[in-house]
Peer 1: 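My structure is below; once you've seen it, I'll send some questions.
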Amino acid sequence: MLQSKLFTKTIKELPKDETSFNARQLIRAGFIDKLAAGVYSFLPLGLLVHDKICRIIREEMDAIGGQEILMPALIPKESWAATNRWENFDALFRLIGGDKKEYGLGATHEEVVTPLVKKFIFSYKDLPAAVYQIQTKFRNELRAKAGLIRGREFSMKDLYSFHADEKDLNKFYEIVIKSYFKIFSRCGLGDLTYLTYALGGTFSKYSHEFQTLAKTGEDTIYLCKKCKIAVNKEIIEEQKVCPQCKKKDFVEEKAVEVGNIFKLGTRFSKPFGFSYMDEKGGKQDVIMGCYGLGPSRLMGTVVEVCHDEQGMIWPEEIAPFRVHLIEVRSKEAKVKKETEKLYNDLRKNGVEVLYDDRDEISAGEKFAEADLIGCPYRLVVSEKTLAKDSVEVKKRDKKEVEMVKISEVAKRITNNA
RNA sequence: CGGGGUGUGGCCUAGCUGGCUUAGGGCGUCUGGUUUGGGACCAGAAGAUCCUGGGUUCGAAUCCCAGCACCCCGACCA
């Protein structure tokens, strides 16, 4: 993309109505814009990151047999009433339609997905099944905070699985855990994210959270370094030992909850009468699991964790562009010509490039913006580099710069070196 | 929902013990010129319901009351 065509701009001052690092940086760099507390627009750069996270999630969900669907956000009161959540779900946005009909905006979708899947699944032969969606969720938080970490409107991937028995659910549940770790690794948070035991499973003793270590995190977890798993506050207050090694050798850490998975059992299949016929012709309740992961929150978490004083440092797979190509303005037409050529050449090689082709902007300003935006590779073309028939290559997370022959740049960048 | 803080051009802000404010500065924007490897420089210009409503006063951005919005701490978080 040509940066001269990008309608957003970066700003020098931090927004005063935000304190969280992720919101400040993302607003400053033109990735998002705030409309109201906990409600943000995604601008071109931010949407690119968000969509890349979603793409990774889709790939990993598809890989474990998840089938993507899209459910409505406008959910009639009757659906919620079936599980007594119309009255009991504090964070539900409730609204009234023109015909006085009441609706709740989708905060979670068990009440929709269960009757939906029930229409198609009747037999043990139809099980197991797993469906997921990526959709905007609404939660009427009493207090939105921390930028993208806790909004009132946010994106969420929710996967629901349906099984003939508990054993099959348990098997799939473990597969999802592995899949989630792949997702977090690909998003650059692999080393910082820990499976965390939490209460709240209606069918099993525990639910599980995925907690990413971050100094600015709102959660406190207790990490068992030996087992590489953690427990949350509820657990440590109840039993004070690691569920795995049964020792209480914990390190207290701040973290952000980036995912949460539950074994639901029959909690939703029972009220909706979702059962199946087993091999002997008997009627059995369907056993369910649900698995949440928020792309927008994940994006905010990455910013909290991956940055330096100059700006963001996007992990390669979710960066808005792989390369930020900077043309240092020159009186010699050659510089623009060569940079344009390189831009086209890189794109032909499948490299995503943000090309700072603006004529009026000083080199220093371009560098500062490149650091702020945080693409993994910065390429600089100038009279200086062209004198050596080269391009300057710098990785965002490294200090060193390297001169690379123009003819070899595309290879160098695509090779992941 | 309890407690605290903040609200001034698009952004960051000064002014806030009332009058010297025709609301000052910086960023950004526009015009002209100079610059050209780390958010450049000079000159000029445009751009403001001082959050909203009410009150006190000869006079309110400034004081009082009410409301709204945003941020932070706590509570809450299927």
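Below, chain A is the first sequence line, B the second, and so on; all start at residue 1. In this text the structure is predicted, and so the values were computed from the model without any measurement.
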Peer 1: Counting only Watson-Crick pairs (N1-N3 plus N6-O4 or O6-N4) and G-U wobbles (N1-O2, O6-N3), all under 3.5 Å, who is the partner of rG74(B)?
Peer 2: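 Partner of rG74(B): rC1(B).
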Peer 1: Determine the contact category for Arg24(A): base if any of its heavy atoms lies under 4.0 Å from a base atom, sugar-phosphate if only primed atoms, P, OP1 or OP2 are that close, otherwise nothing.
Peer 2: nothing
Peer 1: Is there a Watson-Crick or G-U wobble partner for rG18(B) with both distances under 3.5 Å, and which nucleotide is it?
Peer 2: none
Peer 1: Could you tell me the Watson-Crick or G-U partner of rC50(B), where both distances fall under 3.5 Å? Say none if there is no partner.
Peer 2: none
Peer 1: So what does Glu257(A) hit on the nucleic acid, given a heavy-atom distance under 4.0 Å: a base, only sugar-phosphate, or nothing?
Peer 2: nothing
Peer 1: Using a cut-off of 4.0 Å on non-hydrogen atoms, how would the nucleic acid contact of Ala363(A) be classed: base, sugar-phosphate, or nothing?
Peer 2: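 Sugar-phosphate contact only - Ala363(A) comes under 4.0 Å of backbone atoms but never of a base.
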Peer 1: Return the orientation label for the Phe172(A) and Tyr291(A) ring planes: parallel under 30°, perpendicular over 60°, tilted otherwise.
Peer 2: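 The arrangement is perpendicular - the two ring planes meet at more than 60°.
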Peer 1: Counting only N and O atoms by type, is there a donor-acceptor contact under 3.5 Å from the side chain of Arg322(A) to the main-chain atoms of Ile413(A)?
Peer 2: yes
Peer 1: For RNA chain B, which residues of residues 132-149 of chain A approach it to below 4.0 angstrom with any heavy atom?
Peer 2: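 Under 4.0 Å from RNA chain B: Arg139(A), Leu142(A), Arg143(A), Lys145(A), Ala146(A).
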Peer 1: Take Leu35(A) and Lys366(A), find for each the nucleotide of RNA chain B with the closest heavy atom, and name the residue whose nucleotide sits nearer the 5' end.
Peer 2: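 Here Lys366(A) is the residue nearer the 5' end.
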Peer 1: Give me the one residue out of Lys336(A), Lys366(A), Arg358(A), Lys337(A) that meets salt bridge (charged side-chain N to carboxylate O under 4.0 Å, His left out) with Glu327(A).
Peer 2: Lys336(A)
Peer 1: Within the 4.0 Å heavy-atom criterion, would you say Asp371(A) contacts the bases, only the backbone, or no part of the nucleic acid?
Peer 2: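 Counting heavy atoms under 4.0 Å across all strands, the contact made by Asp371(A) includes a base.
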Peer 1: Going by the angle between their ring planes, with limits at 30° and 60°, are Trp80(A) and Phe89(A) parallel, tilted or perpendicular?
Peer 2: perpendicular
Peer 1: Taking any heavy-atom pair under 4.0 Å as a contact, classify Ala91(A): base, sugar-phosphate, or nothing.
Peer 2: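 Answer is nothing: Ala91(A) stays at 4.0 Å or more from every strand.
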Peer 1: Give none if rC27(B) has no partner; otherwise give the nucleotide forming a Watson-Crick or G-U wobble pair with it, both distances under 3.5 Å.
Peer 2: rG10(B)
Peer 1: Given that both distances must come in under 3.5 Å, which nucleotide forms a Watson-Crick or G-U wobble pair with rC63(B)?
Peer 2: rG55(B)
Peer 1: Select base, sugar-phosphate, or nothing to describe what Ala36(A) touches, counting heavy atoms under 4.0 Å on all strands.
Peer 2: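 Answer is sugar-phosphate: Ala36(A) comes under 4.0 Å of backbone atoms only.
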Peer 1: Scan Glu369(A) against the nucleic acid and name what it touches under 4.0 Å (heavy atoms): base, sugar-phosphate only, or nothing.
Peer 2: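 Base contact.
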Peer 1: Backbone N or O of Leu14(A) within a donor-acceptor pair of the Arg28(A) side chain at under 3.5 Å?
Peer 2: no
Peer 1: Under a 3.5 Å cut-off for both contacts, is rA40(B) paired Watson-Crick or G-U wobble with anything, and if yes, with which nucleotide?
Peer 2: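 Partner of rA40(B): rU34(B).
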Peer 1: When you measure from the side chain of Thr414(A) to the backbone of Lys411(A), do you find a donor-acceptor pair of N or O atoms at a distance under 3.5 Å?
Peer 2: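 The answer is yes, because a donor-acceptor pair under 3.5 Å joins these two groups.
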Peer 1: For RNA chain B, note the earliest and the latest nucleotide, 5' to 3', having some atom under 4.0 Å of a heavy atom belonging to chain A.
Peer 2: rC1(B) to rA78(B)
Peer 1: Looking only at atom C1', what distance separates rU49(B) and rG4(B), rounded to whole Å?
Peer 2: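 The answer is 29 Å between these two C1' atoms.
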Peer 1: Is a donor on one side and an acceptor on the other found under 3.5 Å between the side chain of Asn260(A) and the backbone of His208(A)?
Peer 2: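 At least one qualifying donor-acceptor pair exists.
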Peer 1: Has the side chain of Arg94(A) got a donor or acceptor atom that lies under 3.5 Å from a matching backbone atom of Leu92(A)?
Peer 2: yes
Peer 1: Is a salt bridge present between Lys394(A) and Glu400(A), judged by a nitrogen-to-oxygen distance below 4.0 Å?
Peer 2: no
Peer 1: Just call it for Leu14(A): base, sugar-phosphate, or nothing, with non-hydrogen atoms closer than 4.0 Å on any strand.
Peer 2: sugar-phosphate
Peer 1: Where does the angle between the aromatic ring planes of Tyr206(A) and Tyr197(A) fall among parallel (under 30°), tilted (30 to 60°) and perpendicular (over 60°)?
Peer 2: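 Taking Tyr197(A) first and then Tyr206(A), their aromatic rings stand perpendicular (interplane angle over 60°).
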Peer 1: If you find the nucleotide of RNA chain B closest to Ser330(A) and the one closest to Pro15(A), which residue's nucleotide is nearer the 5' end?
Peer 2: Pro15(A)
Peer 1: What contact category does Arg152(A) fall into here, base, sugar-phosphate, or nothing, at under 4.0 angstrom with non-hydrogen atoms?
Peer 2: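 Since no nucleic acid heavy atom lies under 4.0 Å of Arg152(A), the category is nothing.
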